[in-house]
Amino acid sequence: MIILFQLIPTLFCFNYEGIINRDLNHIMNEIINGSLPEGRLSIKDVENLFTELKSISNFVHSQIIGESYLNKTIYSYALCSNFTNQKPTILITSLHHSREVASLQMNIYLFLYLLWEVEHEQNPFYINMINHNCILIVPFVNIDGYQEIESEFNKHNLQPITRKNLNRTIACYQTDELAGIDLNRNYAYHFAHDNIGSSNDPCDETYRGSAAFSEKETQAIKYVVQNFNIKMAMNLHCFGNLWVLPYSYDNEELDKDGVPYLIYEDFKLNGHFVGHYQIGHAIELVKYTANGEAADWMLSQGVIAISPELGEQYYSNFFNNFYPDQEQTIKLLKNQFPPLIHFINYLPFQPLIKQLYQYDLNEAQKLLNNQTSNKIYVVDIQCINHGVTNGNYQNFVVSNSVQLIEAFYIDLKYDQIIEREKIHNQQFIKIKIQNNTFSTDQFPPRSQIIYILIFQEVQIGSEVKFYFDLNGEKHSNTFTLTNFNYELKQLKITSLYNLFYVSLLIILIVILGIIIVKKKSKTIKQYHITELVEQRPENIDLNLQN
């Protein structure tokens with residue numbers, strides 16, 4: 001009987017086999033049914049899951065990125081087609097602090113959601129994303145600490161307070177759980193800036209270690225950032241529903257024209273946050289600083305990073321909030337998912353055709369310094385790239401209803417207003433074209449660009465389509481090209497006809513006026529004669545001469 005009760009948890013534990021073939025609700029429910037007490041995922045659960053995923057999907061890849069203090073292998077898992085470390089990538093880590101268990105479950109769910117959207121929904125946005133980019137997750141940064149938590153769960157069904165790694169170089173008061181290195185204070189950017197944002201006390205929760213990157217676990221993350229094309233990163237923590245933006249070591253200002261600042265500001269406005277959330281720098285949100293922090297260092301390496309503190313405070317016992325039960329975990333997965341997926345969606349090249357404008361003959365001659373004729377047409381196309389990746393390996397296409405003979409581009413700031421009257425050809429950078437197509441490599445992240453396109457003579461009213469060649473996405477902008485030269489000729493002819501008709505009308509009016517005046521003069525003369533005749537004879541003064 002005792003053996004039977006011991007088997008009950010395993011009968012209902014994490015069923016990784018075929019998980020991606022179910023719907024999202026089933027996937028979410030599986031994540032809260034791991035083999036640990038309260039359905040939490042074990043290290044073995046996650047390893048089995050990714051072994052299964054790699055066997056059924058060509059989009060899932062694993063990499064060994066380093067080892068822990070106790071020589072456990074630290075894996076990363078990539079979601080993309082034809083994996084290479086050159087593809088623009090977002091890095092998502094969990095368990096820098098081993099007791100923050102909900103961060104692991106969210107990391108796995110994000111990965112499964114994106115894979116499910118590609119495999120089952122055939123979502124063109126995510127198909128394009130994984131064709132040109134990678135999502136790379138590291139589930140267990142502090143794998144040693146999590147192994148200790150698993151052990152405590154299984155032995156005593158306790159909720160350990162282990163936060164740091166197991167490099168316990170000194171015995172601490174109360175319990176060894178307080179010893180070790182805080183991995184999220186062990187990065188190089190402003191390491192040991194002060195003893196407030198990190199501690200020099202080995203028994204303090206924020207003990208930073210002896211030197212930046214002294215720990216094998218942070219060395220593994222450093223390896224990823226420096227050897228993969230990491231553009232963005234999310235270091236998942238819990239709890240608090242706080243969305244912490246760099247810099248955390250102090251209140252250092254960001255360049256307001258830089259891509260990171262633009263992304264952070266957009267994320268603040270459009271992040272789909274739920275509940276009693278806050279977003280900003282650590283000093284604004286929690287009234288303390290953190291130096292040697294992962295996102296700070298990543299941003300210093302050109303990576304747009306954030307450190308979300310997932311989940312609100314549910315329990316009066318502080319430590320219980322690191323281990324939400326199954327019901328609260330489902331709530332957390334649903335409420336905190338929208339901002340996280342919104343942040344991931346910044347990763348790919350996201351071009352938008354904002355406006356098209358055709359120049360008339362006079363404008364075109366002025367724009368090109370009279371180096372034009374009445375047989376060509378000039379169009380400018382205003383485009384915005386909302387993403388953090390440029391257009392590598394993708395193209396801008398013009399439909400064959402016209403013949404593209406030259407193409408140029410002009411760089412602008414993301415929010416700059418176009419003043420067409422100030423555009424001049426010294427700003428033009430020529431683009432190599434082939435078959436009405438050209439590369440978008442020159443379209444930088446989070447920027448605005450104007451393409452200047454020159455066409456040969458075409459049929460009047462030709463319909464032209466412009467679009468970015470995004471795999472799987474069907475976006476096009478249709479524009480009816482106006483033959484200004486023909487219209488100008490027609491306008492001249494029409495003007496001559498109009499002038500003739502107006503002149504004829506004026507002549508008719510003049511003739512009619514003359515006739516009316518003559519008729520009126522005759523009437524007046526007759527009136528005078530009649531008036532004279534009607535007078536009395538005696539009143540007529542005859543001037544007779546002898």
Side-chain angles (χ1 to χ4, degrees), residues 43 63-76 91-101 103-104 107 136-151 160-172 175-228 230 233-238 244 246 248-249 289-301 303 305 307 322:
I43 296 171
Q63 307 80 33
I64 295 174
I65 62 171
E67 290 183 336
S68 68
Y69 176 73
L70 297 181
N71 299 319
K72 292 185 177 64
T73 302
I74 301 177
Y75 287 98
S76 66
L91 170 65
I92 310 174
T93 71
S94 48
L95 298 177
H96 267 84
H97 298 142
S98 51
R99 69 189 180 199
E100 297 172 3
V101 177
S103 69
L104 170 66
N107 206 354
L136 187 76
I137 72 168
V138 180
F140 303 100
V141 176
N142 188 357
I143 192 168
D144 292 345
Y146 197 75
Q147 182 69 65
E148 181 172 272
I149 284 177
E150 279 194 26
S151 178
I161 63 173
T162 306
R163 166 187 170 96
K164 300 188 282 183
N165 76 350
L166 300 194
N167 183 5
R168 291 168 173 164
T169 56
I170 188 172
C172 293
T175 172
D176 281 344
E177 289 176 344
L178 294 173
I181 313 298
D182 182 346
L183 298 178
N184 203 38
R185 301 294 188 277
N186 191 240
Y187 289 83
Y189 193 71
H190 288 276
F191 175 82
H193 177 72
D194 56 34
N195 291 327
I196 301 172
S198 66
S199 176
N200 60 354
D201 178 0
C203 291
D204 191 279
E205 278 201 333
T206 62
Y207 176 55
R208 57 184 172 250
S210 58
F213 292 117
S214 61
E215 304 312 296
K216 295 168 73 174
E217 295 89 349
T218 53
Q219 291 169 22
I221 302 302
K222 180 183 180 182
Y223 169 81
V224 171
V225 171
Q226 294 186 338
N227 290 277
F228 294 75
I230 306 297
M234 295 193 298
N235 301 303
L236 305 181
H237 296 268
C238 62
V244 186
S248 291
Y249 83 95
T289 58
N291 54 59
E293 195 263 348
D296 280 14
W297 176 76
M298 290 175 180
L299 183 57
S300 77
Q301 302 297 300
V303 176
S307 299
F322 293 118

| Near Y69 OH, under 6.0 Å, is it more than 12 heavy atoms from other residues, nucleotides or ligands? | yes
| field | Side chain to side chain, T93 and M234, heavy atoms closer than 4.5 Å | value | no
| field | E217-N142 side chain donor-acceptor pair, cut-off 3.5 Å | value | no
| field | Between CG on residue L136 and CZ on residue F228, distance to nearest 0.5 Å | value | 6.0 Å
| task | Using the salt bridge (charged side-chain N to carboxylate O under 4.0 Å, His left out) rule, collect all pairs that involve residues 65-75, keeping only residues at least two apart or in two chains. | result | E67-K216, K72-D144
| Hey, does V303 have a side-chain heavy atom less than 4.5 Å from the side chain of L91? | no
| field | Where at least one partner belongs to residues 184-200, residue pairs that pass salt bridge (charged side-chain N to carboxylate O under 4.0 Å, His left out), sequence neighbours excluded | value | D182-R185
| Verdict with reasoning, I43 to Q147, per side chain to side chain contact (heavy atoms under 4.5 Å, CB included) | CA-CA 8 Å; I43 296 171; Q147 182 69 65; 3.5 Å; yes
| said: Looking only at the side chains, is there a donor atom on one of S214 and N186 sitting less than 3.5 Å from an acceptor on the other? | reply: yes
| remark: Of all heavy-atom pairs linking S98 and G145, the shortest is CB-C, 3.4 Å
| query | Can you tell me if N165 uses its side chain to pair, donor with acceptor, with the backbone of I181 under 3.5 Å? | reply | yes
| remark: Residue set satisfying side chain to side chain donor-acceptor pair (under 3.5 Å) with T206, at least two apart, ordered chain then number -> D204
| Side chains of H237 and V244: closer than 4.5 Å at any heavy-atom pair? | no
| message | Would W297 and Y249 count as a ring pair (Phe, Tyr, Trp, His ring centres under 6.0 Å) here? Give the steps. | response | CA-CA 10 Å; W297 176 76; Y249 83 95; over 10 Å; no
| message | As an exercise, state the distance from CD of E100 to CG of L236, rounded to the nearest 0.5 Å. | response | 10.0 Å
| Sub-4.5 Å side-chain heavy-atom contact between I161 and F322 | no
| Taking everything shown except I196 itself, do over 12 heavy atoms lie less than 6.0 Å from its CD1? | no
| remark: Rounded to the nearest 0.5 angstrom, the NZ-CG distance for K222 and N227 is 10.5 Å
| said: Just to verify, what does S307 make a side chain to side chain donor-acceptor pair (under 3.5 Å) with, not counting sequence neighbours? | reply: E293
| task | Take R99 and E150 through the salt bridge (Lys or Arg N to Asp or Glu O under 4.0 Å) test and state the conclusion after the steps. | result | CA-CA 10 Å; R99 69 189 180 199; E150 279 194 26; over 6 Å; no
| message | Ignoring hydrogens, what is the shortest heavy-atom contact between N107 and S94? Give both atom names and the distance. | response | ND2-OG, 3.0 Å
| For A179 and R168, which heavy atoms make the closest approach, and how far apart are they? | CB-CG, 3.4 Å
| field | Option from T73, L95, I74 for which side chain to side chain contact (heavy atoms under 4.5 Å, CB included) with F140 holds | value | L95
| request: Determine whether I92 and V138 make a side-chain contact, defined as any pair of heavy atoms from C-beta on separated by less than 4.5 Å. | output: no
| request: Could I get the full list of side chain to side chain donor-acceptor pair (under 3.5 Å) partners for Y187, not counting sequence neighbours? | output: H96
| Euclidean distance, L166 CG relative to E148 CD, rounded to 0.5 Å | 5.0 Å
| Donor-acceptor pair between N184 and R163 side chains, under 3.5 angstrom | no
| query | If you look at every heavy atom in C238 and S103, which pair is closest and at what distance? | reply | SG-N, 4.5 Å
| said: Quick check against the 3.5 Å criterion: does S198 have a side-chain atom that pairs as donor or acceptor with the backbone of N195? | reply: no
| For A233 and M298, which heavy atoms make the closest approach, and how far apart are they? | CB-SD, 3.6 Å
| Atom pair OG (S68) and OH (Y146), whose distance is rounded to the nearest 0.5 Å | 15.5 Å
| request: Looking only at non-hydrogen atoms, find the nearest pair between A305 and P246 and report the distance. | output: O-CD, 3.1 Å
| So do the side chains of N167 and E215 get within less than 4.5 Å of each other, counting heavy atoms only? | yes
| request: Evaluate the side-chain proximity of N200 to R208: yes if any heavy-atom separation is below 4.5 Å, no if none is. | output: yes
| query | By ring pair (Phe, Tyr, Trp, His ring centres under 6.0 Å), which residues pair with Y207, not counting sequence neighbours? | reply | none
| query | To the nearest 0.5 Å, what is the distance between OH (Y189) and CG (N291)? | reply | 12.0 Å
